[in-house]
Amino acid sequence: LKRLDVDVLSKRPDLVILMVGTNDMLNSRKFVSYEDYKSNINQMVKRIMNNSSQVLLMSPPTVDSLYLYNRHNKTLFVDTPNEKLQKASQIVEEIAKENNIYFLDINSAFKDKSLPLHNQDDYIINEKNSNKKDGVHLTALGYRFIAEKVYQHLKENDVLHKYSSII
């Protein structure tokens, strides 16, 4: 919300692609409630649309909880990290439907690939692929996977030719 005006709206984009929620849901030092998460996204969507821009909302990807629990106390989680991200995904999808805007379910796309696979996949940073116990941030391949899904979604919805400025 704080960065929306300067980083996005000031650029006058035709389409804004928005994927938020991982830090809101999983960083135990700044947990955001589901209600506040929904309110924040609704505010962003309204401000973007009031700026005459279209919106593509994306759900956050899955994470490797084993690594996450190394950095954040497991007992602070009422829902598991991926349960929280699934609920966030449902909220994002609901907001997209309510506002008649595009929605791309990245969370399900990661689940469909059985991601993450603890210390086995090449999409989410782990000891095998990066020598780091991360489990949340994506590798270049993970970002490429999302980029391909976005491109495919925009192509399937016949909107690539509509928007010249995309953020």
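Computed from a prediction, not measured in an experiment: that's the story for all the values here.
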Undergrad: Say whether, by atom type as modelled, one donor and one acceptor occur between the side chain of S89 and the main chain of S59 under 3.5 angstrom.
TA: no
Undergrad: Is it true that the side chains of N82 and T62 contain a donor and an acceptor less than 3.5 Å apart?
TA: no
Undergrad: In chain order, what residues pass the ring pair (Phe, Tyr, Trp, His ring centres under 6.0 Å) check against H118, with sequence neighbours excluded?
TA: Y67
Undergrad: Determine which pairs satisfy ring-ring contact (aromatic ring centres under 6.0 Å, His included) with at least one residue from residues 68-104, sequence neighbours left out, and list them in order.
TA: F31-F77, Y69-F77
Undergrad: Would you say N42 and K38 are linked by a side-chain donor-acceptor pair, where the criterion is simply a distance under 3.5 Å?
TA: no
Undergrad: Is D121 paired with K113 through a side-chain N to carboxylate O contact shorter than 4.0 Å?
TA: no
Undergrad: Who pairs with S33 by side-chain contact (heavy atoms from CB on, under 4.5 Å), at least two apart in sequence or on another chain?
TA: E35, D36
Undergrad: Are V92 and V20 close enough that some pair of their side-chain heavy atoms sits under 4.5 Å apart?
TA: no
Undergrad: Using the test salt bridge (charged side-chain N to carboxylate O under 4.0 Å, His left out), find all partners of E83 that sit at least two apart in sequence or belong to another chain.
TA: none
Undergrad: What I want to check is whether the side chains of Q152 and E148 have a donor and an acceptor closer together than 3.5 Å.
TA: no
Undergrad: Could you state the interatomic distance from CD1 (I17) to CD (Q54), rounded to the nearest 0.5 Å?
TA: 11.0 Å
Undergrad: Kindly write out the residues that satisfy salt bridge (charged side-chain N to carboxylate O under 4.0 Å, His left out) with K155, not counting sequence neighbours, or none if the list is empty.
TA: none
Undergrad: For L1, which residues count as a side-chain contact (heavy atoms from CB on, under 4.5 Å) partner, sequence neighbours excluded?
TA: N40, Q43, M44, R47
Undergrad: T139 side chain to G142 main-chain N or O, any donor-acceptor pair under 3.5 Å?
TA: yes
Undergrad: Check for a donor-acceptor pair, side chain of S53 on one end and backbone N or O of P13 on the other, with a separation under 3.5 Å.
TA: yes
Undergrad: Charged N to carboxylate O under 4.0 angstrom, K87 versus D79?
TA: yes
